[in-house]
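Quick note: numbers below take in every heavy atom, side chains included, and nothing from hydrogens, waters or symmetry partners. Because the structure is a prediction, the values reported are computed rather than measured.
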Amino acid sequence: MRFDPATLAYDARGLIPAIAQDARSGEVLMLAWMNEGAVTRTLETGRVTYWSRSRNAFWVKGETSGHVQKLVDFRFDCDRDCLLVLVQQEGPACHTNRRSCFYTAVRDGAEVEIMTPEP
């Protein structure tokens, strides 16, 4: 059966959350949003493309930073309302220059930075 991006369950704004995970290590790198066009572009090009809510435009990961995400596998959950993109990450995934956007943890009731920016 051929996959149709229109069959995903987008929210009222036409968006669906997309979790990026490193295909090799399993590390969760970031969460961003896609619309139907971003899903289509990602599958067609193999370069992960998101929808920037702040710029109201497509955002090809790494387009300006060089920290690209190459698509390894594209998955969706049982309700078809959340995506998991397994990627080959080149450089840091976070705009703060950290490997992952999830660099803050709560430990013993306090916020703790668990990852420093890459040099």
Side-chain angles (χ1 to χ4, degrees):
M1 166 178 23
R2 186 114 180 107
F3 172 70
D4 180 359
T7 64
L8 295 172
Y10 301 92
D11 69 12
R13 297 169 298 169
L15 301 174
I16 188 168
I19 301 163
Q21 182 179 27
D22 186 287
R24 190 173 29 88
S25 70
E27 180 180 21
V28 175
L29 301 173
M30 57 182 279
L31 172 113
W33 297 87
M34 290 185 176
N35 62 12
E36 188 175 332
V39 169
T40 299
R41 287 178 181 214
T42 296
L43 293 171
E44 287 177 352
T45 67
R47 296 238 355 238
V48 181
T49 303
Y50 299 104
W51 180 256
S52 171
R53 296 175 299 166
S54 59
R55 293 184 309 235
N56 205 34
F58 290 111
W59 159 39
V60 180
K61 183 67 175 162
E63 193 170 49
T64 56
S65 68
H67 303 151
V68 299
Q69 290 178 345
K70 294 179 182 174
L71 184 66
V72 174
D73 202 15
F74 184 92
R75 302 177 186 182
F76 46 87
D77 72 346
C78 55
D79 294 324
R80 303 178 82 91
D81 64 358
C82 186
L83 304 176
L84 176 65
V85 288
L86 299 173
V87 303
Q88 176 186 341
Q89 177 69 46
E90 295 181 12
C94 185
H95 74 280
T96 65
N97 219 37
R98 290 172 174 86
R99 176 85 183 138
S100 169
C101 292
F102 297 96
Y103 61 87
T104 306
V106 178
R107 306 244 168 103
D108 296 322
E111 285 186 31
V112 179
E113 188 175 301
I114 59 172
M115 188 181 305
T116 58
E118 294 186 14

What's the shortest heavy-atom distance between Arg99 and Gly91, and which atoms?
NH1-O, 3.4 Å
Taking transitive links into account, so neighbours of neighbours count too, which hydrophobic residues share a cluster with Val60 at under 4.5 Å side-chain distance?
none
What pairs meet the side-chain hydrogen bond (donor to acceptor under 3.5 Å, both in side chains) rule with one or both residues in residues 81-90, with sequence neighbours excluded?
Gln69-Gln89, Lys70-Glu90
Between Glu118 and Pro92 the two heavy atoms that sit nearest each other are OE1-CD, 3.6 Å
Is there a continuous path of hydrophobic side-chain contacts, each under 4.5 Å between heavy atoms, that joins Leu71 to Phe3?
yes
Could you give the side-chain donor-acceptor pairs of residues 4-18 under 3.5 Å, partners two or more places apart or in another chain?
residue : atom : partner : partner atom : Å
Asp4    : OD1  : Ala6    : N            : 3.0
Thr7    : OG1  : Asp4    : O            : 2.7
Thr7    : OG1  : Arg80   : NH2          : 2.7
Tyr10   : OH   : Pro5    : O            : 2.8
Asp11   : OD1  : Arg13   : N            : 2.8
Asp11   : OD1  : Gly14   : N            : 3.1
Asp11   : OD1  : Leu15   : N            : 2.9
Asp11   : OD2  : Arg13   : NH2          : 3.0

Taking side chain as C-beta onward, heavy atoms only, is Val87 less than 4.5 Å from Lys61?
no
Side chains of residues 104-116: which donor-acceptor partners sit under 3.5 Å, not counting sequence neighbours?
residue : atom : partner : partner atom : Å
Glu113  : OE1  : Arg98   : NH2          : 3.3
Glu113  : OE2  : Arg98   : NH2          : 3.0

Arg75: which residues meet the salt bridge (Lys or Arg N to Asp or Glu O under 4.0 Å) condition with it, sequence neighbours left out?
Asp73
Could you check whether the rings of Phe58 and Trp51 sit parallel, tilted or perpendicular, using 30° and 60° as the cut-offs?
perpendicular
Of all heavy-atom pairs between Pro117 and Thr96, which one has the smallest distance, and what is that distance?
CB-O, 3.7 Å
Hydrophobic cluster membership, Leu83 vs Leu31, 4.5 Å side-chain cutoff:
no
Trp59 CH2 to Arg53 CZ distance, which is reported to the nearest 0.5 Å:
10.0 Å
Residues at least two apart in sequence or cross-chain that pass ring-ring contact (aromatic ring centres under 6.0 Å, His included) with Tyr103, listed by chain then number, are none
Verify, without hydrogens or angle tests, whether Asp77 (side chain) and Cys82 (backbone) share a donor-acceptor contact under 3.5 angstrom.
yes
Can you confirm whether Trp33 sits close enough to Asn35 that some side-chain heavy atom of one is under 4.5 Å from a side-chain heavy atom of the other?
no
With side chains defined as the heavy atoms from C-beta onward, is the minimum distance between Met34 and Thr49 less than 4.5 Å?
no
Backbone N/O of Leu86 and side chain of Gln21: donor-acceptor pair under 3.5 Å
no
Under 4.5 Å between side-chain heavy atoms, hopping through other hydrophobics if needed: is there a path connecting Leu84 to Tyr50?
no
Donor-acceptor under 3.5 Å (Ser100 side chain, Val28 main chain):
yes
